[in-house]
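Worksheet: one structure, shown below.
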Amino acid sequence: MTALSSQRKKMIGTGILFMLPALAFIAFSIFIPTIWNVVLSFQEWDGFLHREWVGFHNYKEALLEENVRKSLFNSIYLAVAMTFAALVIGTGLAGFIYRLGRREGAIYRLILFMPVMLPVAIIGLLFTFMYNPEMGLINQLLRTIGLGSWAQAWLENPDTVLLSIIIVGIWRLTGLTMMLVFAAMQNIPVSLFESSKLEGASYARQFFSIVLPLIKPIVQLSAIFTLVLAFKSYDLVFVMTEGGPGILSRTIPLQMIDTAFTYSEFGYSAAMGFLLTIAVMLIILITSRILRGTSYEY
């Protein structure tokens, strides 16, 4: 008994030892910066020596300033719209690819997942050229098919700039949902499809009545991953519009950078960041509740 207890303690100690580097990395890259940001958000700091405790003044100012409210709305709107569309389209594509042969399905999965692997800055530059009002592929295509009246400056038009960014985000994120949902479908026993087919169920009926309930926990996980990626909109928006025209496409990360490094208001910028963190946590919590599924054994 003593030997087993000693061996167990040794295994636990070895496990903790191997976890220490990862825990140290997480602490220095996530926990410590988060705590420092929260503390800084209650202070007024110019980035050098002057530092003054101002309580909730930064939060009050952020909630009252129109630019910050607009930026916060844009961040939430872009992330939610991208996630919802990517989730629906990605799940549908996974169901479609599941019906294909192994070779064809692998080719489609590679093509659809490639945007997830591309650097966001490269994606932004690619679509900036495509949206170009004079030489862009989209306007040229519209003129070719006789819809030249629809051609416009997509990223300069207040009515289309956010939609244009959302389309790029959907193209970038759909592959992630598709891959996760397809992997989950691979674990569903073929016997469930065969038995339901014998009872006359079409593939569409099988997908909505069998597949979706079984993979709902994976859909929930995919939604959370996609939301986190969608909220990281700084590089995509900066490359495509720099927050313009005016502030119509500005997001909180852009507003934070401008506030901190242009106006040297680091405490105010930290308060904006913490407000965005609260918004992200609330939206993830709501998404988890909506997509909460039941685990089945089969």
Side-chain angles (χ1 to χ4, degrees), residues 76-118 120 123 127 141 145 162-233 279-298:
I76 296 173
Y77 175 66
L78 291 174
V80 172
M82 290 177 190
T83 300
F84 177 78
L87 202 65
V88 173
I89 297 172
T91 303
L93 287 173
F96 172 74
I97 292 174
Y98 184 80
R99 293 282 289 175
L100 298 177
R102 180 172 298 180
R103 181 177 299 177
E104 293 85 353
I107 294 173
Y108 282 115
R109 290 198 305 274
L110 175 63
I111 293 172
L112 292 171
F113 191 71
M114 282 180 64
V116 182
M117 299 183 289
L118 292 175
V120 181
I123 294 175
F127 277 89
L141 179 62
I145 62 177
L162 288 179
L163 178 61
S164 300
I165 297 173
I166 288 171
I167 291 173
V168 178
I170 294 170
W171 180 81
R172 171 185 165 232
L173 297 172
T174 297
L176 177 62
T177 298
M178 179 274 301
M179 191 63 75
L180 289 173
V181 172
F182 178 82
M185 292 180 67
Q186 294 289 99
N187 294 324
I188 300 176
V190 179
S191 58
L192 293 178
F193 292 99
E194 293 175 348
S195 60
S196 61
K197 188 176 182 180
L198 290 174
E199 295 179 3
S202 64
Y203 180 66
R205 180 66 181 272
Q206 291 174 340
F207 185 78
F208 287 103
S209 299
I210 298 175
V211 175
L212 284 183
L214 292 177
I215 66 171
K216 203 170 182 182
I218 299 300
V219 174
Q220 179 194 60
L221 180 66
S222 174
I224 293 173
F225 281 169
T226 307
L227 266 174
V228 172
L229 290 175
F231 269 109
K232 297 179 179 179
S233 57
V280 172
M281 293 174 63
L282 288 175
I283 292 173
I284 289 177
L285 180 62
I286 294 170
T287 303
S288 299
R289 297 285 294 181
I290 293 174
L291 297 177
R292 181 176 55 185
T294 303
S295 297
Y296 297 93
E297 292 184 5
Y298 43 82

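Leu180 contributes atom CG, which lies 7.5 Å from atom OG1 of Thr226 (distance to the nearest 0.5 angstrom). Leu163 contributes atom CG, which lies 10.5 Å from atom CG of Leu78 (distance to the nearest 0.5 angstrom). The OG atom of Ser288 lies 11.5 Å from the CD1 atom of Ile283; values are rounded to the nearest 0.5 Å. Expressed to the nearest 0.5 Å, how far CZ of Phe127 lies from CD1 of Ile167 amounts to 9.0 Å. Taken from CE in Met185 to CD1 in Ile210, the straight-line distance is 10.5 Å, to the nearest 0.5 Å. In this structure, Ile97 CD1 and Tyr108 OH are separated by 8.5 Å, a value rounded to the nearest 0.5 Å.
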*asked:* Let's go through Leu198 and Glu194 carefully: what are the C-alpha distance in whole Å and the side-chain angles of both, what is the deciding distance for side-chain contact (heavy atoms from CB on, under 4.5 Å) to 0.1 Å, and is it a yes or a no?
replied: CA-CA 6 Å; Leu198 290 174; Glu194 293 175 348; 5.7 Å; no
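Taking all atoms of both residues into account, the shortest heavy-atom contact from Gly105 to Leu100 is N-CB, 4.2 Å. Scanning all heavy atoms of the two residues, the minimum distance from Ile188 to Tyr98 falls at O-OH, 4.5 Å. Across Ile76 and Phe231, no two heavy atoms sit closer than the pair CA-CE2, 4.0 Å.
A donor-acceptor pair under 3.5 Å is absent between the side-chain atoms of Ser209 and the main chain of Gln206, judged by distance alone.
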List, one per line, each side-chain donor-acceptor pair under 3.5 Å for residues 79-96, sequence neighbours excluded.
| from | atom 1 | to | atom 2 | distance (Å) |
| --- | --- | --- | --- | --- |
| Thr83 | OG1 | Ala79 | O | 2.7 |
| Thr91 | OG1 | Leu87 | O | 2.7 |

Extract all donor-acceptor atom pairs below 3.5 Å that involve side chains of residues 171-179 and protein atoms in other chains or at least two apart in sequence.
| from | atom 1 | to | atom 2 | distance (Å) |
| --- | --- | --- | --- | --- |
| Thr174 | OG1 | Ile170 | O | 2.6 |
| Thr177 | OG1 | Ser222 | OG | 2.9 |

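In the displayed structure, Phe113 atom CZ is contacted under 6.0 Å by more than 12 heavy atoms of other residues, nucleotides or ligands. Taking a 6.0 Å sphere around CE of Met117, one finds it holds more than 12 heavy atoms contributed by other residues, nucleotides or ligands. For Tyr203, the OH atom is densely surrounded, since the number of other residues' heavy atoms within 6.0 Å is greater than 12.
Two residues are said to be in side-chain contact when any heavy atoms from C-beta on lie closer than 4.5 Å; Ile284 and Val228 meet this criterion.
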